[in-house]
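Only one structure is covered here, and it is reproduced in the block below.
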Amino acid sequence: MNKLRILKTYFGHDTFRPGQESIIDHLLAGRDVMAIMPTGAGKSACYQIPALLTEGVTLVISPLISLMKDQVHTLTQAGISAAYINSSLTPSQYDRVCERMAQGAYKLVYVAPERLDVPSFVEICRRLTIPLLAVDEAHCVSQWGQDFRPGYLHIARFIRQLPMRPTVGAFTATATDHVREDIIRLLELRTPYSLTTGFDRPNLWFGIKRARPREKCEVLMEFLREREGQSGIVYCSTRAGVEEVCDELCRAGISATAYHAGMEDSDRRQNQEDFLYDRKNVMVATNAFGMGIDKSNVSFVVHYNMPKSMEAYYQEAGRAGRDGTAAECLMLFTPGDVQTARYMIENSEQNPDLSAEEASVVRARDLERLRRMEIYATTSECLRANILQYFGEALPTSYGGEDGGCGCGNCSNCTGGLASADITVEAQMVLSCIARTGQRLGIVLIGQILRGSRSERISEKGLDKQTTFGLMKKYSTPYIKQIIKSLIGQGYIRMTEGEYPILTLTETSGDILYKRIPVTMRYPADMEVESGPAKKERHNANDAASRVRRSTSAAGSADPALYKALADLRRELAAAQNIPSFYIFSNATLEDMCVKLPRTPEEFLEVSGVGQAKLDRYGEVFLSCIASHLNQREDKS
């Protein structure tokens, strides 16, 4: 059986996703791989398919119990023999898995990194044929990345203890250049084939909704009511926030549960299962939830508070739409989120393995990440372009937004809710203020000078004597900050990195100051422009900023009644087996059934996501459901 036949037979797909085939080919040829692929790009198939094409057992190093369970159950449903070894197993269960592993009963075994330090397990592995070792969530090996896991540092030592070195594949969704270098070095990858497939997730809509703290919960509930019955995650920055938001949602009759590290293990486990098994639609959680969750039918992710970094945000938001269907990623933003995140960074416990100097570097790096996250949350430019730019990519030319192709057309900034203004004169004021104060101040002080603030700090520094003092006193503070951030985004101002970033001029600043080229800015239509009683009427804008986009999926364009019937059948079958619904078929597969309307087993195999094992197990009942629906439709016509 070749790779394409395995892809169709076990995974139900006719073609590979971008990057998958080249990774599989290199692993099969015995070359190490360093793969950076966004969530939903199909990383797991890149090592699962080689595992089925090689002799012996493939080891997969995985950081979380829930991730292992999801992967193994999904493989089992597809007819692939797999198991996991972690602390959730009883001693007798562990012995049984090891015994069957030695007998060659499994093609893949998922293992927690800490298990690699157990001498008895190492000895078992020394007696096995291990052609491939895959490291999932490989960024956990780097102290400079997120989710550092000390056990990952021992993977290379474990490999050196094996009688024959396996091919090693390292996989992660996000990694800066520094983290990528760490992965290659610490896992001792040998001249790896490196591939970054691109960070864009076209099926995801990104949105920012600015709301005052007391308004957030009502905005969230309105969003959830419009998506009743859909599965989604709401991330909060603190445990107290999780409890408060979940309680409010439950009181409002929304099917929600909670998850954070301060809960009892049994409660956390029960709540997670309620969400996975669709007994609860909404999971309210801290960032302790999600890295190991392979739930494919998450239709939305809401960030109740702004995360501390773009890496964290994109990883968490990326848990929506894993099956490729349309999904939404919404952030509810208030300026207080920045102060909360800064406090958490400045008061967090540092890794004890770091020196004082290294800890200082890490904190400065985290504050810089926070600054970049704030820019995203307050930008008036295309959100998708902003995300991709952060990861070193440009917006694909395939997008064509309402602004003539400069945006994605699928984010809140590209689809309405923004006003436009000519800020040429205001930009000259801002640049002049930066120049006349010696290019040594940050956003806050520059804004206070221009507003004519009489704060103690302004007086102490003599900044009220500047010729630019009070030039923009009629404008609100948020509007002035928006102008500054827009000029940063357009390259007319540079902001330095570090704990106390300052504003400096760039090579193009003179185009505004001396050549007086026109400058425009987009900003939220509901932003207060002028302060005091003389508030300027809003620029040409509609009230779209006060509304949140309602998602539309492929199911809506096919046959909603049939989709519901198939989803109900899937739920019944899952309940009978005590497994999550998405283990049987993903939302994308149900939608493809609605489009292709298969009537025979052969046609059922043509549905994306249906392989031979799924046909044998579920084909008859799903074909019967489709046939019944089509007969009813014909009778009505």
Is there a side-chain contact (heavy atoms from CB on, under 4.5 Å) between M521 and I483? Walk through the geometry before answering.
CA-CA 7 Å; M521 175 187 77; I483 291 174; 3.8 Å; yes
Out of curiosity, [X] [atom1] to [Y] [atom2], how far, rounded to the nearest 0.5 Å?
X: I254; Y: R227; atom1: CD1; atom2: CZ; value: 11.5 Å
X: L370; Y: M306; atom1: CG; atom2: CE; value: 4.5 Å
X: C329; Y: Y313; atom1: SG; atom2: OH; value: 5.5 Å
X: L383; Y: N413; atom1: CG; atom2: CG; value: 4.0 Å
X: T496; Y: L503; atom1: OG1; atom2: CG; value: 8.0 Å
X: N305; Y: F333; atom1: CG; atom2: CZ; value: 10.5 Å

Would you say [X]'s side chain and [Y]'s backbone share a donor-acceptor pair under 3.5 angstrom?
X: R454; Y: D464; answer: no
X: T437; Y: I434; answer: yes
X: Q439; Y: L505; answer: yes
X: D422; Y: T520; answer: no
X: R268; Y: M263; answer: yes
X: Q428; Y: I512; answer: yes
X: T238; Y: G241; answer: yes

Can you tell if the side chain of [X] reaches within under 4.5 Å of the side chain of [Y], non-hydrogen atoms only?
X: M472; Y: R451; result: no
X: V302; Y: I233; result: no
X: P478; Y: E528; result: no
X: R342; Y: R371; result: no
X: M429; Y: T468; result: no
X: K280; Y: S255; result: yes
X: F223; Y: E328; result: yes
X: V284; Y: C236; result: yes

Heavy-atom count check: over 12 atoms from other residues, nucleotides or ligands less than 6.0 Å from N347 CG?
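Atom CG in N347 is crowded, with more than 12 foreign heavy atoms closer than 6.0 Å.
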In this structure, are over 12 heavy atoms from other groups packed under 6.0 Å from E357 atom CD?
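Atom CD in E357 is not crowded, with 12 or fewer foreign heavy atoms closer than 6.0 Å.
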Which residues pass the side chain to side chain donor-acceptor pair (under 3.5 Å) test with R372, sequence neighbours left out?
none
Set of salt bridge (Lys or Arg N to Asp or Glu O under 4.0 Å) partners for [X], sequence neighbours left out:
X: D278; value: K295
X: K481; value: none
X: E460; value: none
X: D267; value: none

Would you kindly say whether [X] and [Y] are connected by a side-chain donor-acceptor distance under 3.5 Å?
X: H260; Y: T286; result: no
X: E426; Y: Y479; result: no
X: R319; Y: Y235; result: yes
X: N271; Y: T257; result: yes
X: S486; Y: Q490; result: yes

Should the pair [X]-[Y] be classified as a salt bridge under the 4.0 Å nitrogen-to-oxygen rule?
X: E346; Y: R363; value: no
X: E137; Y: R149; value: no
X: R494; Y: E507; value: yes
X: R365; Y: E368; value: no
X: K308; Y: D366; value: no

Report the residues that fulfil ring-ring contact (aromatic ring centres under 6.0 Å, His included) with Y390, sequence neighbours left out, ordered by chain and then residue number.
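Once residues adjacent in sequence are excluded, Y390 has no partner under the ring-ring contact (aromatic ring centres under 6.0 Å, His included) criterion.
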Can you name the ring-ring contact (aromatic ring centres under 6.0 Å, His included) partners of Y304, sequence neighbours left out?
none
For residues 243-255, which residue pairs qualify under salt bridge (charged side-chain N to carboxylate O under 4.0 Å, His left out), counting only residues two or more places apart or in two chains?
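Non-adjacent pairs meeting salt bridge (charged side-chain N to carboxylate O under 4.0 Å, His left out): E248-R251.
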By side chain to side chain contact (heavy atoms under 4.5 Å, CB included) - contacts of [X] (at least two apart):
X: A211; answer: E215, K216, V219
X: A252; answer: M221, R225
X: T508; answer: Y492, T506, D511
X: P18; answer: none

For the student: nearest non-hydrogen atoms of E393 and G198, plus distance
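Here E393 and G198 meet closest at OE2-CA, 3.0 Å.
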I'd like to know whether L204 forms a side-chain contact (heavy atoms from CB on, under 4.5 Å) with V301, so could you lay out the CA-CA distance, the side-chain angles of the two residues, the decisive distance to 0.1 Å, and finally the verdict.
CA-CA 10 Å; L204 299 185; V301 170; over 6 Å; no
Within 45 degrees of the ring normal and closer than 6.0 Å to the centroid, is that where the cationic atom of R516 sits relative to Y514?
no
How far apart are the C-alpha atoms of R369 and E311, what are their side-chain angles, what is the distance that settles it, and do they pass the side-chain contact (heavy atoms from CB on, under 4.5 Å) test?
CA-CA 9 Å; R369 285 177 171 174; E311 288 90 345; 3.6 Å; yes
Would L441 and L463 satisfy side-chain contact (heavy atoms from CB on, under 4.5 Å), going step by step from the backbone distance to the final call?
CA-CA 11 Å; L441 303 177; L463 297 174; 4.1 Å; yes
